[in-house]
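First up is the structure itself, then whatever we jot down about it.
Each residue takes its place number in the sequence, starting with 1.
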Amino acid sequence: MKKILFSLSLLCIYTTMAAQSVKDTTDVFFRHLKLNELVVTGVTGDTKLKNSTFPVSIVTGKDLRSTASTNIIDAIAHQPGMSQITTGSGISKPIIRGLGYNRIITMSEGVRQEGQQWGDEHGIEADANNVNSVEILKGPASLMYGSDAMAGVVILHSAPTLPEGEMQANIGTEYQTNNGLLGYTLNFGGNQKGFVWDARFSGKMAHAYKNKYDGYVPGSQFKEMAGRLMLGLNKTWGHSRLIWTTIHQTPGIIEGERDHESGELIAESDILKSYGKSLPYQQIKHYKVVWDNSLNLSHGWLKMIIGYQQNRRQEYEEHHHEHEHEGHGELEPALYFKLHTLTYDVRYLTHEFSGWKLSSGVQGMWQHSQNLGEEFLIPAYRLFDIGVYATASKQLNRWTLNGGVRFDYRHVHGDALEENGEWRFTDFSQDFNSVTGSLGAVWNMNDHLNLRLNVARGFRAPNMSELGSNGAHHGALRYEVGNQQLKPEYSLQADLGLDFTSQYVSAQLALFANRIDNYIFLKGESREIDGTPVYNYTQGDARLLGFEAGFDFHPIHAIHFENTFSYVDARQLHATEDTEYLPMTPAPRWTSELKVELTHDDQLLNNSYIALGLEAYMKQNHYYKADGTETATPGYALVSLSAGADLTIHKKKVAELYITADNLLNKAYQNHLSRLKYADFNSVTGRQGVYNMGRNITFKVVVPISF
């Protein structure tokens with residue numbers, strides 16, 4: 001196996017950053033290859049991609065619009081090195097190189113997204129229609145983002161403000177055949193004499209999805225409504241913008257309970273193809289206000305971003321049906337978390353002088369989480385943290401050197417709670433601090449070949465779920481017990497990358513080695529409380545090794561044959577055979593796409609293409625075996641077929657048209673990171689859990705309107 005993977009790593013070089021991140025140029029041969037033209041912002045200031053020591057993937061707006069997905073994480077989860085933990089089709093959590101949960105920070109509107117992301121079935125509250133591009137930083141990014149950025153950062157960029165004097169609207173809609181997803185978005189923005197604005201309203205709803213083994217899966221339906229308003233000024237002195245967003249989500253909860261005689265999933269037959277909600281379900285309301293400022297100074301920029309977020313997460317269950325408000329027919333939530341978050345980020349960045357670029361800043365967060373429901377899982381808590389950092393970058397001919405250092409301090413306090421004469425939670429406080437940093441270099445050997453090396457130290461303080469849980473987490477199908485003795489996680493990761501671009505070939509290899517001290521994870525206790533299996537938080541030292549690789553061959557500009565391969569080996573050190581591998585490690589994955597571009601000449605269907613794709617997952621037999629925590633997952637392959645075009649009339653684009661058929665052969669499969677793998681056993685077929693979505697065809701239309 002190791003020899004096969006090593007051979008693949010030499011043959012397959014990962015190309016997504018080169019092949020999916022390029023702007024149109026007059027030279028069509030280099031249209032997908034111009035690394036020099038691409039600028040990333042997920043580092044200190046704007047940096048050309050070829051000079052980034054960090055491994056970075058970029059997903060453009062065109063790529064996002066042409067991708068069929070049910071949420072923004074689903075849209076980017078097929079990037080090399082990326083995966084997702086799923087709960088049905090509506091809830092996704094990002095995984096970067098085998099690490100997830102509070103080890104990844106998601107940035108949206110310039111601030112970190114905070115929505116009780118410790119939960120398995122807690123997704124990312126972000127409107128996919130509002131995302132214009134995505135940067136994925138792979139590896140410890142604690143230097144720039146502090147605790148929780150140990151695995152990396154997902155940066156969701158909204159569309160930039162329009163040029164002076166322009167106004168533009170967009171209308172988009174989509175339909176998916178498997179779960180009946182109906183989606184729409186309306187957007188209007190402009191820039192008049194430096195006054196800028198952008199307004200968007202979006203919505204989508206889906207009934208239960210289906211596959212050929214389970215039929216329709218009860219509880220997999222969901223609804224979402226989102227809004228955004230940005231008002232601001234763009235002037236010669238800089239900019240100041242006020243941004244307000246809201247998103248309301250109502251995802252069902254998939255319990256996977258079966259009738260033991262028939263083996264079928266238990267459900268009300270009339271709700272499987274209904275867009276209405278049925279018990280149990282979640283209701284999430286997320287509100288955000290961001291004040292984004294940038295001042296142009298004589299020698300640099302002073303940037304300040306302050307954000308306030310309020311996350312209301314409610315869970316409604318069957319046995320709470322009787323607790324309705326008298327005369328109103330409204331249900332009382334079983335679990336109800338209300339989270340207030342205030343984030344601040346002030347930084348100064350210099351202009352380049354003698355090849356140098358410097359930056360320094362202070363950033364942090366204040367949080368208050370309340371328990372307002374009738375059941376309890378984690379304590380109500382308060383959190384405060386602050387971090388200060390400084391970075392430097394130096395350009396030396398074909399070399400780019402950068403590095404920095406940071407200090408973080410975090411204080412958490414969990415509140416006591418007495419329930420029925422017993423202490424559910426005890427009062428406690430914890431303080432954590434750490435010094436982190438990174439050092440990297442890029443050697444642009446010539447116009448086609450770049451070599452990059454980076455070493456970074458990461459840090460993560462335990463979250464409140466890991467420290468203080470004591471309750472049944474029904475959405476996660478387990479009873480969770482926290483551990484107040486947990487220590488912070490510390491990581492040391494080395495990255496080595498090589499990328500190559502030419503007229504006919506683009507290629508890249510990204511290797512990484514990561515050592516984590518005090519890695520925190522859940523393990524089963526081989527016992528139950530009220531019929532729910534008990535899991536507790538523990539920790540141990542771990543190491544992760546892996547790579548992303550791929551190869552894009554384009555003998556002529558109209559044909560692209562792109563292949564990528566992702567692999568991570570995640571092990572606990574000094575462990576027994578049944579505890580050797582870390583839980584929730586993605587299986588090795590190979591993707592391949594043959595894409596043919598048909599027209600580029602302002603015909604009726606301009607920029608048209610057709611693509612045949614293959615996504616193959618190898619068997620994952622590296623899993624945490626102890627106490628039945630995980631099971632092996634067999635390999636499988638999924639075939640897709642997609643096409644798209646710009647509808648052009650009188651040389652003007654009037655619409656973008658996309659059609660995508662995912663899982664074209666209607667394969668019944670379970671992803672290793674699907675939490676539904678461990679749902680109820682089917683006594684008739686002998687299969688465990690619920691399977692992923694079957695064949696799904698997506699139709700999407702985007703109509704731009706210029707004024």
Side-chain angles (χ1 to χ4, degrees), residues 68-78 82-96 100-102 104 106 108 113-128 131 154 156 176 178-181 183 202-211 214 216-226 247-256 265 275 277-286 311-317 333 335 337 339 377 465 473-478 480 584 586 662 670-679 689-693 696:
S69 64
T70 54
N71 57 72
I72 185 58
I73 301 304
D74 185 34
I76 65 175
H78 306 282
M82 282 287 296
S83 306
Q84 60 178 328
I85 295 175
T86 60
T87 306
S89 61
I91 300 175
S92 299
K93 298 177 68 66
I95 295 289
I96 298 178
Y101 296 90
N102 283 80
I104 295 176
T106 300
S108 177
Q113 186 78 10
E114 289 292 322
Q116 306 280 10
Q117 59 266 33
W118 48 265
D120 286 57
E121 79 287 17
H122 299 174
I124 303 298
E125 301 87 359
D127 177 16
V131 180
V154 175
L156 309 178
Q176 298 184 10
N178 187 288
N179 58 357
L181 185 147
S202 303
K204 61 184 173 185
M205 56 183 178
H207 60 63
Y209 79 83
K210 63 182 177 180
N211 60 63
D214 301 311
Y216 286 99
V217 177
S220 59
Q221 70 273 14
F222 61 91
K223 285 186 177 180
E224 178 179 298
M225 295 184 69
I247 185 167
H248 292 190
Q249 299 172 324
T250 310
I253 295 177
I254 304 172
E255 296 185 308
L265 293 167
Y275 292 97
K277 58 191 177 186
S278 62
L279 293 169
Y281 65 88
Q282 295 183 71
Q283 184 167 278
I284 303 104
K285 298 179 180 180
H286 193 93
N311 182 273
R312 303 179 185 181
R313 183 175 294 274
Q314 300 169 314
E315 186 175 302
Y316 296 86
E317 300 172 3
L335 286 171
F337 302 113
L339 177 66
L377 176 56
S465 174
H473 196 173
H474 297 292
L477 308 175
R478 59 179 177 247
E480 298 178 1
M584 303 304 283
D662 287 318
Q670 289 177 318
N671 187 282
H672 186 69
L673 301 187
S674 170
R675 296 177 48 257
L676 303 181
K677 268 191 63 183
Y678 306 101
V690 176
Y691 282 69
N692 288 70
M693 185 185 290
N696 186 32

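- The ring-ring contact (aromatic ring centres under 6.0 Å, His included) search around H286 returns none, not counting sequence neighbours.
- Taking the side chain as every heavy atom from C-beta outward, Q283 and R312 never approach each other to under 4.5 Å.
- Atom NZ of K93 sits about 6.0 Å away from atom CD1 of I124, to the nearest 0.5 Å.
- Checking side-chain atoms of K223 against main-chain N and O of K277 turns up no donor-acceptor pair under 3.5 Å.
- A distance-only check finds a donor-acceptor pair linking the side chain of N692 to the backbone of N671 [under 3.5 Å].
- By the 4.5 Å heavy-atom criterion applied to side chains, N311 and E114 are not counted as neighbours.
- Judged by distance alone, with hydrogens and angles left aside, the side-chain atoms of S92 form no donor-acceptor pair with the main-chain N or O of I73 at under 3.5 Å.
- Between Q282 and I253, the closest side-chain pair of non-hydrogen atoms falls below 4.5 Å.
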From CA spacing to verdict: side-chain contact (heavy atoms from CB on, under 4.5 Å), Q113, L156: CA-CA 10 Å; Q113 186 78 10; L156 309 178; over 6 Å; no
Please lay out, stage by stage, how E125 and S108 fare under the test side-chain hydrogen bond (donor to acceptor under 3.5 Å, both in side chains). CA-CA 10 Å; E125 301 87 359; S108 177; over 6 Å; no
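- L673 has its side chain out of reach of T86: every pair of non-hydrogen atoms, C-beta onward, lies at least 4.5 Å apart.
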Start with the C-alpha gap between M205 and L181, add the side-chain angles, then the distance that decides, and say whether side-chain contact (heavy atoms from CB on, under 4.5 Å) holds. CA-CA 6 Å; M205 56 183 178; L181 185 147; over 6 Å; no
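- Residues meeting the ring-ring contact (aromatic ring centres under 6.0 Å, His included) test with F222, sequence neighbours left out: none.
- Judged by distance alone, the side chains of Q249 and E224 do bring a donor and an acceptor atom under 3.5 Å apart.
- To the nearest 0.5 Å, atoms NZ (K285) and NE2 (H248) are separated by 5.5 Å.
- In this structure, the side chains of I76 and P94 stay at 4.5 Å or more apart for every pair of heavy atoms.
- Residues passing the ring-ring contact (aromatic ring centres under 6.0 Å, His included) test with Y281, sequence neighbours excluded: Y316.
- Distance check: D74 CG to Q84 CD gives 4.5 Å after rounding to the nearest 0.5 Å.
- Annotation: side chain of N179 is in contact with side chain of M693 (closest heavy-atom distance under 4.5 Å).
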